[in-house]
Amino acid sequence: AVDWIFGNTSVPLTIVPLDVSDQALISAQFLDGLQEAAKHSTAARLARDAYQLVLDQPMYRLWDMTAVCFALHPEFFEEPRLVRLSVEAWGIEQGALSRDPAGRDVGLVQNFAAGGLDKMYAFVIDSLA
C-alpha cells in the first residue's frame with residue numbers, strides 16, 4: 001500500500017518511525033497521571049486499565065499515540081528532515097523503507113523536541129481527563 005502511495009500520489013508525506021515512538025514508554029509517571037485523571041474520567045480509567053495489562057511487557061510503547069500527537073502537535077517533535085525513500089515491494093524485506101536517491105521525498109521525524117515527550121504525556125493525559 002505504501003509503495004502504491006509513493007508511486008501514485010503527490011500528497012506530502014511525513015513518517016514518524018518506530019525509532020521515535022519507541023521512546024514513548026508506558027512509564028510509571030505516565031500511569032500515575034492516568035490514575036489521577038481516572039478519578040474523574042471513564043476514558044482515562046479505560047486507558048489506565050488497558051496499559052496496566054501490558055505493563056510487564058517491556059516491548060509496548062505509545063506507538064499510535066506518538067503518531068497522533070505528531071499530527072496534532074508537531075511542535076512536540078524536531079522538524080522533519082526531508083529524505084528520499086523507497087519501499088521494498090517483494091521478498092523477505094517486503095514493506096521495508098530504505099533511503100534511495102531515486103525514491104520519494106518524505107519528511108522523516110527523527111526525535112522528540114526538547115521537552116516534547118513530557119508534553120506528549122501531559123497532552124494524552126489531559127485529553128483523557
Side-chain angles (χ1 to χ4, degrees):
V2 173
D3 185 51
W4 185 92
I5 290 170
F6 274 24
N8 294 286
T9 71
S10 59
V11 64
L13 299 172
T14 301
I15 295 174
V16 182
L18 287 177
D19 300 34
V20 176
S21 57
D22 276 348
Q23 297 173 48
L25 302 172
I26 301 170
S27 67
Q29 181 181 355
F30 175 69
L31 288 174
D32 288 347
L34 284 177
Q35 177 70 29
E36 186 62 32
K39 293 176 183 176
H40 310 286
S41 167
T42 302
R45 192 172 318 113
L46 175 64
R48 183 216 50 216
D49 290 351
Y51 287 129
Q52 287 279 345
L53 291 173
V54 297
L55 190 56
D56 63 342
Q57 303 292 321
M59 68 216 154
Y60 282 94
R61 304 290 192 265
L62 299 177
W63 298 302
D64 295 336
M65 289 292 180
T66 302
V68 168
C69 283
F70 175 77
L72 296 173
H73 288 282
E75 71 274 12
F76 294 171
F77 301 83
E78 290 180 353
E79 192 69 28
R81 184 172 157 212
L82 193 62
V83 297
R84 288 186 170 264
L85 299 178
S86 64
V87 180
E88 181 56 52
W90 305 102
I92 195 162
E93 295 295 320
Q94 184 176 9
L97 297 175
S98 59
R99 292 179 191 246
D100 179 354
R104 167 84 182 259
D105 282 331
V106 177
L108 178 65
V109 175
Q110 294 185 296
N111 211 338
F112 284 92
L117 182 57
D118 290 334
K119 289 177 183 176
M120 185 187 91
Y121 286 136
F123 172 75
V124 170
I125 292 165
D126 289 347
S127 296
L128 293 169

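Quick caveat: nothing in here was measured; it's all calculated off a predicted structure.
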Checklist entry - Does a donor on one side chain sit under 3.5 Å from an acceptor on the other, for Q23 and N111? => result yes
Identify the heavy atoms of [X] and [Y] that sit nearest to each other, and give their distance.
{"X": "F112", "Y": "T66", "result": "CZ-CG2, 3.9 Å"}
{"X": "R84", "Y": "P101", "result": "CD-O, 3.1 Å"}
{"X": "A113", "Y": "E75", "result": "CB-O, 3.8 Å"}

Roughly how far, to the nearest 0.5 Å, is the [atom2] atom of [Y] from the [atom1] atom of [X]?
{"X": "Q52", "Y": "L31", "atom1": "CD", "atom2": "CG", "answer": "5.0 Å"}
{"X": "D49", "Y": "Q35", "atom1": "CG", "atom2": "CD", "answer": "8.5 Å"}
{"X": "L34", "Y": "Q29", "atom1": "CG", "atom2": "CD", "answer": "11.0 Å"}
{"X": "K39", "Y": "R48", "atom1": "NZ", "atom2": "CZ", "answer": "10.5 Å"}
{"X": "L72", "Y": "M65", "atom1": "CG", "atom2": "CE", "answer": "10.5 Å"}
{"X": "T14", "Y": "L82", "atom1": "OG1", "atom2": "CG", "answer": "9.0 Å"}

Tell me whether [Y] is reachable from [X] by hopping between hydrophobic residues (I, L, V, M, F, W, Y) whose side-chain heavy atoms are closer than 4.5 Å.
{"X": "L128", "Y": "Y121", "answer": "yes"}
{"X": "L62", "Y": "L18", "answer": "yes"}
{"X": "V106", "Y": "L108", "answer": "yes"}
{"X": "V87", "Y": "V11", "answer": "yes"}
{"X": "W90", "Y": "I92", "answer": "no"}

Item to check | Aromatic ring pairing W63/Y60, orientation class (parallel under 30°, perpendicular over 60°, tilted between) | outcome: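 Correct class here is tilted.
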Side chains of [X] and [Y] in contact at under 4.5 Å (non-hydrogen atoms):
{"X": "F123", "Y": "H73", "result": "yes"}
{"X": "S127", "Y": "V124", "result": "no"}
{"X": "I125", "Y": "F30", "result": "yes"}
{"X": "R61", "Y": "I26", "result": "no"}
{"X": "L13", "Y": "I5", "result": "yes"}
{"X": "L85", "Y": "R99", "result": "yes"}

Is the number of heavy atoms from other residues, nucleotides or ligands within 6.0 Å of [atom1] ([X]) greater than 12?
{"X": "Q94", "atom1": "CD", "result": "yes"}
{"X": "E93", "atom1": "CD", "result": "no"}
{"X": "D64", "atom1": "CG", "result": "no"}

Checklist entry - Residues two or more places apart in sequence or in another chain: which of them pass ring-ring contact (aromatic ring centres under 6.0 Å, His included) with F70? => result F77
Checklist entry - Looking at residues at least two apart in the chain, or sitting in another chain, which of them share a salt bridge (Lys or Arg N to Asp or Glu O under 4.0 Å) with R45? => result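 Salt bridge (Lys or Arg N to Asp or Glu O under 4.0 Å) list for R45, sorted by chain: empty.
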